[in-house]
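Have a look at the structure below before the remarks.
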Protein chains: 2
Amino acid sequence: MDTEPKKRVSGCPVAYGLDSFGDRWSLLIIRDLMVHGKKTYSEFLGSDEGIATNILINRLKTLEADGILSKSRDPDNRRSFTYALTPKGKDLAPIVIEIIRWSGKHDDRPSALKPAVRAVEEDPDGFEKRLRGACD
Amino acid sequence: MDTEPKKRVSGCPVAYGLDSFGDRWSLLIIRDLMVHGKKTYSEFLGSDEGIATNILINRLKTLEADGILSKSRDPDNRRSFTYALTPKGKDLAPIVIEIIRWSGKHDDRPSALKPAVRAVEEDPDGFEKRLRGACD
DNA sequence: TAATTTGCTTGCATTTTGCAAGTTATTTTC
DNA sequence: GAAAATAACTTGCAAAATGCAAGCAAATTA
């Protein structure tokens, strides 16, 4: 595996969070697991934002090494692997939800997508349960 | 001003949030404003994590351009400027809080700092009000 | 008036990201 | 059963972002 970004040592909880998932791609992978029910390398690769293959595999390995997701073989297809959120990964749901709320309030671009924003506002607890459960 | 990182165009609220503050430093500056009451360039520069001067000024300008913080002259010192969170910036408080909670639960390093974690758990609403008010 | 402080800028090396083109081990299709 | 397709990567290289160190001008303090 090639190198992962260096981690800071300040002890600050915000810095720990940023060291774990504070980059351009990690939370999008986690979003795909939670919101879109994606589970495999090629599903993640197909997302709208267009992550590069080497970055994707690096993030998957780093997130696995950090205990945020787990990897297992697909029992039905020997060349396929299934990624799932661990409990530590599922605990990111409130962060994802608050980002969705913030963007829902402040993203004024016409292209802004609002379905998830509406789902959060209509039933926050149900939405969180959905995010935690979608990746089992 | 030198170039700011490119923004994505997917319309996804999670991607919009990451484009706005999803890098190694932005949320640490916002933490300094909210949690530590810092307001000036040199106060941000003094934080434990050790941001470089060119990165700091770049992030301050980008966050200002994105409407997350505002810059004004210090009336008492003509070479000093005061940075403050806008309403859009203050609305990041719930995200910061959820990151603190997540790290408080999952950072097992002996060096992990817990005061803010305890403050959040003891009085979440009061803590959020403090974060929103500390930067006026 | 000589430091010192504040808020920057600049140049350059290192690290990370992004793109494109492989590669290998399975399935699928014909 | 051979050929094509698919899934999960790997590799090489260019571009962009980050990090480090040294400066610099205007305002303030000693």
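Both backbone and side-chain heavy atoms feed into the values below; hydrogens, waters and symmetry mates do not.
- Residues that satisfy the side-chain contact (heavy atoms from CB on, under 4.5 Å) test with Arg24(A), not counting sequence neighbours, are Arg8(B), Asp19(B).
- Put simply, Lys61(A) has a side-chain N or O that comes within less than 4.0 Å of OP1 or OP2 on dT10(D).
- As a whole-Å value, the separation of Leu56(B) CG from dT18(D) P is 13 Å.
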**Contact letters for nucleotides 18-30 of chain C, in which S counts primed atoms plus P, OP1 and OP2 and B counts the base, heavy atoms under 4.0 Å** = BBBB----BS---

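- Protein atom NZ of Lys71(A) is 8 Å distant from nucleotide atom C1' of dA8(D), rounded to whole Å.
- One can place CG of Asp74(A) at 11 Å from P of dA7(D), the figure rounded to the nearest angstrom.
- Considering only residues two or more places apart in sequence or on other chains, Ala119(B) meets the side-chain contact (heavy atoms from CB on, under 4.5 Å) condition with Phe127(B).
- If you measure from atom CG of Asp19(B) to atom P of dT17(C), you get 14 Å, rounded to the nearest angstrom.
- Each salt bridge (charged side-chain N to carboxylate O under 4.0 Å, His left out) pair with one or both residues in residues 103-128 of chain B, not counting sequence neighbours, appears once here: Asp91(A)-Lys105(B), Arg101(B)-Glu121(B), Asp107(B)-Arg109(B), Glu128(B)-Arg132(B).
- When the P atom of dT6(D) is taken as reference, atom CD of Glu43(A) falls 15 Å away, rounded to whole Å.
- Glu49(A) places its CD atom 16 Å from the C1' atom of dT17(C), with the value rounded to the nearest Å.
- In this structure the side chain of Ile51(B) never reaches within 4.5 angstrom of the side chain of Leu28(B), judged on heavy atoms.
- Applying the salt bridge (charged side-chain N to carboxylate O under 4.0 Å, His left out) test to every pair with at least one member in residues 62-77 of chain A, sequence neighbours left out, gives these pairs: Lys7(A)-Asp66(A).
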Donor-acceptor pairs under 3.5 Å, side chain of residues 40-47 of chain B to any protein atom, not counting sequence neighbours: which ones?
residue, atom, partner, partner atom, Å
Thr40(B), OG1, Glu43(B), N, 3.3
Thr40(B), OG1, Glu43(B), OE1, 3.4
Glu43(B), OE1, Lys39(B), N, 2.6
Glu43(B), OE1, Thr40(B), N, 3.1
Ser47(B), OG, Asp32(B), OD1, 3.4
Ser47(B), OG, Asp32(B), OD2, 2.4
Ser47(B), OG, Lys38(B), NZ, 2.9
Ser47(B), OG, Phe44(B), O, 3.4

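- If you take CG of Asp23(B) and C1' of dT15(C), they are 15 Å apart, rounded to a whole angstrom.
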